[in-house]
Every structure is written in structure tokens, then in C-alpha cells.
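Structure record follows, encoded as C-alpha cells.
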There are 4 protein chains.
Amino acid sequence: MYAPDVTVPERLIDAATRLFADKGFDRVAVQEIVQSAGVTKGAMYHYFGSKDDLLHEIYGRVLRMQTERLEKVSADSAPIADRLHAAATDVIVTSVENFDAAKVFFRSIDSLAEETRREVRAERRRYHEKFRSLIEEGQSAGVFRADVPADLTTHYFFGSVHHLGTWYRTDGPVSARQLADYYADLLLASVTKA
Amino acid sequence: MYAPDVTVPERLIDAATRLFADKGFDRVAVQEIVQSAGVTKGAMYHYFGSKDDLLHEIYGRVLRMQTERLEKVSADSAPIADRLHAAATDVIVTSVENFDAAKVFFRSIDSLAEETRREVRAERRRYHEKFRSLIEEGQSAGVFRADVPADLTTHYFFGSVHHLGTWYRTDGPVSARQLADYYADLLLASVTKA
Amino acid sequence: MYAPDVTVPERLIDAATRLFADKGFDRVAVQEIVQSAGVTKGAMYHYFGSKDDLLHEIYGRVLRMQTERLEKVSADSAPIADRLHAAATDVIVTSVENFDAAKVFFRSIDSLAEETRREVRAERRRYHEKFRSLIEEGQSAGVFRADVPADLTTHYFFGSVHHLGTWYRTDGPVSARQLADYYADLLLASVTKA
Amino acid sequence: MYAPDVTVPERLIDAATRLFADKGFDRVAVQEIVQSAGVTKGAMYHYFGSKDDLLHEIYGRVLRMQTERLEKVSADSAPIADRLHAAATDVIVTSVENFDAAKVFFRSIDSLAEETRREVRAERRRYHEKFRSLIEEGQSAGVFRADVPADLTTHYFFGSVHHLGTWYRTDGPVSARQLADYYADLLLASVTKA
DNA sequence: TATGAATGAGTTTTCATTCAT
DNA sequence: TATGAATGAAAACTCATTCAT
């Protein structure tokens, strides 16, 4: 089932990602994960302190990746509207490219243990703020409308993104690219001054 | 704790709504619900077939209410842009007015048992289609842009709405009314022809 | 195995007492206890919050009983030497009469969870102090030697008592009564002024 | 943490002694021991056959040491009362000097595996008998009272000694020397003829 | 001599649900 | 209508020990 050179932790992360995406953290038993990864429970607890740790790791990978990419896009010198468009596009494309991990990211934060949750929320807030600051930059530049708070628009957009997990099919008629363009267009249309 | 004329089933629904909204269906024990409602387990199983039933009932109430209201707004004779705006506004205001129930609605569909889930999905799809048809109507009328599929825009908007549960605070600085106007404005801006 | 009128909690306490006395708390699985009591695990957790609770209850019963009896003996108006003798005798007789519970009491305090342990230690200290104050009374009265601290003598005596669990056999040649007299004599001999 | 010339087995014994004394054999994981000793599990199992072996070794060291010393004291030519006093004093002083090992000795015999336990019990009995024979010698000589069986008095005294682990503090107000004198005095007072 | 990944049997605990009363 | 004792299956996690290297 697995190439012999895929490490046990990697196999566990893969299996957990698939299962969490499919059924949600709370509906997946550790037993299922290890079975699916072809290892024993003991092996899992050798590498991960808890089931929660597994989720945390998946969560962290997605968050780190998207934060990195957003920073790169933000730092670009293109006009602000282009940069916002690129940022919006990018988050969608990468979410779809790692759709299982993204689904976990989109819906499982409440399953994290108290402490981990706080930690993760803080990092997610930083991501949110970085995105928001793009919108604010456009507002300051007079390119984006300022009558709707940038904070609210950011929530609005990311709500749409998080919802992808519940309806979008990677094997459906809309490609990731198209989807990204549509979403970015809708966002741009809603923030651009009339 | 409860007025004596509040029926047992009603108390159970109330308690369950509060708890499910707060911790998520899977993290709430039946014991907690009955304790919080001030009744016993036996009483709960007298009125509801299962824990799932409780969720189903909460879910159904929200869905029925919003469907009804959407139908009323749709049937109005106002211009399509106004009707879409009203529909968008209405779903937000009523969601915030019943915020706990709405939160449950927004995030607990995966917790429903297979059969119930299918049933509920079908009804939700009908709601989605009704909303979408408003957008399509505007597209046919040449008022709304047609380059983004109405279906996708509908998902886009409802993603934003579903996300409210994770960040909006009813006791925060933004009133339900304001929030609804902002959201409807963003939607209208994104669908209106340039 | 059990008369039908023995309640489930009582059966659980009985079984746990026997097993804890025999093998020590840490070496007894909940599974063994419920099997021995003829009930299911669920039933046990219906009545007791945890395995620890079971131990706590056994512990508490012994402690309460012995505290009560010591208070009664202390309050007597007999000469202090007689009262100390009676107290010593009594703790031994009752310990042997409830030998399994006493054994648990003698050796399982370290198995209690942190919080429970603190609580129980405090109560045990009060018992210790009450006994010690008998010795102090004799010292003040000039009947008992004062060159050895009463606190230390108390520890000395209760060490002997706690040790009973490791060697004394209720079915051996020394009756509880004899044992009690021997121990009380040894105590009195060691505290009485030459 | 350790001088480089302390051998691995020695480090393991040290760490295990400290941990067993502190938390009891059953509450200490092999992982903790090796971590605390700064070695790996494999290393431990290279030198010791099992966790049990570790305990056995600690146990054996204490027992061998005390047996040796008791033999030396017994063989002396001093009057019996002096020899008993010396024996009592000695066991206390050496117990306090190796307090962690002594604590393990005092309370962990039940944790030994069946076979080891039997073996160890036999040796402990020989120690007990040697001590008892001192008392018997005094009884034969007419110096000690004979109305309390020597066997029982021996248990009585060693109960006190074993109990030290639960209350005595090496950094407390009573020095090992003082403690030993008090205990030996109490013993002598209780066995000496009135 | 030593490593540390892996095992697998065992642990305590949870919880939706049932059922005699 | 309601009680609450009891069930039983499943859950997450622990840990002494083994073994290929």
C-alpha cells in the first residue's frame, strides 16, 4: 500500500488527513488511523503524543504553507488590486491542491484541545490580519471602498473559502484555476470602488 | 431555572441548542443535556428517539424558518436587486437572532446520522436553489453579471454566512442590522454588472 | 455469590477491598473488581467516579471508624494510662476485625490521586494528633516519660500497627485480643516512667 | 549530570532508587528511569533483564548490607541489652543514610514478581530471625521480659522502622542519630523487665 | 555495547441507549 | 409520563519488552 521509503510518521499523517477530512476528527478512531496507515497504535504513540497532536500537525502544515505564500504575494510590488487578486487566487489554488488537509483545516479547529486551539487561533489571526492589511492598503490608496470594514470583508472572503470543503469537488466540472478566478473576481468586485 | 409552563421537550431543545452551539454535537454528552434541562435521561428518550433526533429537530427548525422567509421575500414584486438584497439581509438577521441554533446549523451537519443527513442535505439544496434562482433571475434580466455561475456565487455567499458562527459576537460592536447590510452590500457589489 | 439484597455499590466495595488488600491498588484492574462483584464496568462507573474513588471510599470508612472510636476512648474519665491502653487495644482489634480494609488503609495511601491524597493525609494527621495528645497528657501528668517526644512515640506505635498487614494472619495462633494486649503492653512499657 | 566514571548500571540503579522511593515501583515507567539516568532503554535491558531486576537489585543491596551489619553487632561480646540497643540503632542509622533505598525496601516488596518475592522473603525472614534471637537471648538470660513473644516484639519494632519512610525527613529537626537513640530506647524500655 | 523504533496486550474511562418499575 | 440503574461496545492511551541494526 505504501512505498517502503515512506516513513511511518508520514504515513500516519497521510492516513489521518484523509480520514479527518472525510469524517471529521471526532468521528475517527485512532484504531482506524493506524490500520489505514498499516502500523500499530504503539507506533503512533511513539511519534505523536496524542490524537490531538496529529491534528495539530496537519493544521500547522497548512497554516504555515499558506502564511508563507501570503507573505510572498504581499511583498510583491504589483498594484494593490493585483496583489489582492493574487493572494485570493493563491489561497484557493493551494487549498484545492491539498484539499484533504485544507478540509481538515477548514472545519476541525474546534476539535483541538484547549491549549493547542488557543495557540493555533493566534496564528490564524495573524494570517487574517495580513490579508486584511492588503485590503486596508487598497482603502488607503483610494482604490477599494472604505464603507465596509476591511476586517469584515476578510471574514466574508474566508468564510467562502472555508465553505469550499462542504461543496467543491476536485473531480467536478470547475477546475481549481477557474474556481480561484471566480472567487478572486467576486472578492475584487465587492471591494473595488464603484 | 425554567418557568413551569415551558414543556420538557422545549427545555431539552433549548439546552441542546446551547450546548451544541458551544461545544459541537460530538463533544456534548446526553447526560449534560438532560442535566442542563433539569430532566432525566428517561424523560429525554421519552420525547426524542435519540441524541441525533435532537440535532435533527434543531436543524429542521432553522431550515424551515429560513426557507419560509426566503419564499416570502422571493415572492415579492420588488426589483430583483432589491429582492436579493432583502433575502441576504434577512438570512443574516434571523441567523443572528437565533444565533445558537444557527451555529448548530452552520457546523453540525456532519454529525447527523447517514439517513438524516441525506434528508437534510436535500432540503438544504432546495434552499440553495431558491436563492440561486434569484441570482439567475437577475442575470436573465441583464442586471447581474453572468460571467460567474450563479451556483458558485450562492456557495460563495453562504460560505460567508456559515462562517459567522466562528467569529461574530452578538455582544460585539457590529449590530445584526449593520452586519446584514454590509454582507448584502458585498454580495450585491459582486454580482452587479460593472 | 451475593445475597440478592446486597446493593451493587456495597458489592463493589467488598470486592475492591478484598482485591486491593491482596494485591495492592495498582495491581488490580477495574475489570477484576467488577468481575469479582458480578457487575459490569458501566455499573461501577455509575456509582463511583473512578477507580480512585473506590479506594478513597474504603480508606474513608476505616479512617472515620477509627477516628470515632478514638474519640470515644479519649473522652473517657479513666486514668490516662488506662485510656492509652484502651486506645491502643481498640485500634488493633478493629483493624483485625476489618483486616482487608485495614490492609488497604495501611499501604495504599500512595496510590491515591494527588488531591485525594492531600485530603486524606490531613484527616490522618488529625487522628495522629489525637493519639499523640493522649501521650502528652500522660507526660504532663508525670506518668509518662518525657524524654522521647510524644510525636515520635506515636509514629513508632502506628508503624507497628501499619506493619500488621504484612505479617499478621487472622487465622494464625495469635488472636486479635491477644495481639492487641501485647501491642498495648509494649507501648505502655515504652512510655511509662521507669 | 553524571561524572563520566559512574558506570551505566550504577546510574540506572541510582535513578531507579530515587524514582521508586519517590513514587513507588508501579508508578514509575522504565522510560522515566532511563531518561533520568541519561541512557536508553536498550542499554538498560542490556544490563538488567527486566524492570523487576532493578528493584530486586536495590532490594538485595539493602538487605545484604543490613544483614551483614546485624551479624557483626550480634557477634559482639557486649551485654545483650547493649547489643540489642546497638542493633536497633544501627538499622536506623543505616536506613536513614540510604534513605531512598530504604524507602524502596520498606514498601516495594509486593511489587516484586512472585518468584523473586519468595526468594527475598526468605532472606528477610532470616534477618528477622537473627534479630529475634537477640531478644530471645535476653529473655533466656532473664534480662528481658518473656511475657511477650520475641517474634511479636521483633515485628513490632520493624513495623516502626518500616514506617519511617512515610514520615521521617532527613532534612527535618531530628537527626538520624537522635532518631536511632529514641527508637532504641523505646525498644529497650518495652523489652526490659520492670 | 548500545540504539530507538515497533509491538501488542492491557489500562481506565466514556457514553448512547435500554428497560423494569 | 418519567426514573435512574445497568449495559456493553468502543474510546484513547500506556508501557514493559523485543529486535534489527
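Letters A, B, ... mirror the listed sequences (proteins, then strands); counts begin at 1. This is a predicted model, so every value here is computed, not measured.
Using a 4.0 Å cut-off, no side-chain N or O of A/Tyr45 falls inside it from OP1 or OP2 of F/dT14.
Stretches of at least 3 consecutive Watson-Crick or G-U wobble pairs, with each checked distance under 3.5 Å, appear in DNA chain E as E:2-21 with F:2-21.
The two residues C/Ala101 and C/Thr17 come nearest to each other via the heavy atoms N-CG2, 3.4 Å. What you find for A/Ser111 and B/Arg27 is that their closest heavy atoms are O-NH2, 3.0 Å. C/Lys51 and C/Asp26 make their closest contact through NZ-CA, 4.4 Å (heavy atoms, listed as atom of the first residue, atom of the second, distance).
D/Arg125 pairs by the side chain to side chain donor-acceptor pair (under 3.5 Å) definition with nothing, not counting sequence neighbours.
Where D/Phe25 and A/Asp26 meet DNA chain F, the nucleotide closest to each residue was compared, and A/Asp26 sits on the side nearer the 5' end.
Going from atom CZ of A/Phe48 over to atom C1' of F/dT14 covers 18 Å, rounded to whole Å. In this structure, B/Asp52 atom CG and E/dA16 atom C1' are separated by 11 Å, rounded to whole Å. Rounded to whole Å, the distance from CZ on A/Arg27 to C1' on F/dA10 is 14 Å. Computed from coordinates, the C/Leu19 CG to E/dT12 P distance equals 12 Å when rounded to whole Å. The separation between D/Leu12 atom CG and F/dT17 atom P is 14 Å, rounded to whole Å. For the pair B/Gln35 CD and E/dT14 C1', the interatomic distance rounds to 14 Å; values are reported in whole Å. Going from atom CG of A/Asp53 over to atom C1' of F/dA12 covers 13 Å, rounded to whole Å. As rounded to whole Å, 10 Å separates atom P of E/dT17 from atom CG of B/Leu54.
Salt-bridge formation is not detected for the pair C/Glu115/C/Arg118: no Lys NZ or Arg NE/NH1/NH2 atom is positioned less than 4.0 Å from an Asp or Glu carboxylate oxygen. Ion pairing between a basic and an acidic side chain is recognised when a charged N comes within 4.0 Å of a carboxylate O; A/Arg107 and B/Asp110 show such pairing. The pair B/Glu32-B/Lys23 meets the salt-bridge criterion, since a charged nitrogen lies less than 4.0 angstrom from a carboxylate oxygen. Salt-bridge formation is detected for the pair B/Glu10/B/Arg61: a Lys NZ or Arg NE/NH1/NH2 atom is positioned less than 4.0 Å from an Asp or Glu carboxylate oxygen.
Spacing between F/dT21 and E/dT1 at atom P, rounded to whole Å, works out to 23 Å.
Looking at heavy-atom distances under 4.0 Å, C/Val34 makes no contact with the nucleic acid at all.
Taking the ring axis of A/Tyr59 as reference, the NZ or CZ atom of A/Arg117 does not stay both within 45° of it and closer than 6.0 Å to the ring centre.
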**Fill in**
Nucleotide by nucleotide, nucleotides 2-9 of chain E touches protein heavy atoms under 4.0 Å in the pattern (B base, S sugar-phosphate only, - none) SBBBBBB-
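Closest to the side chain of B/Ala29, from the set F/dC13, E/dC15, E/dT12, is E/dC15.
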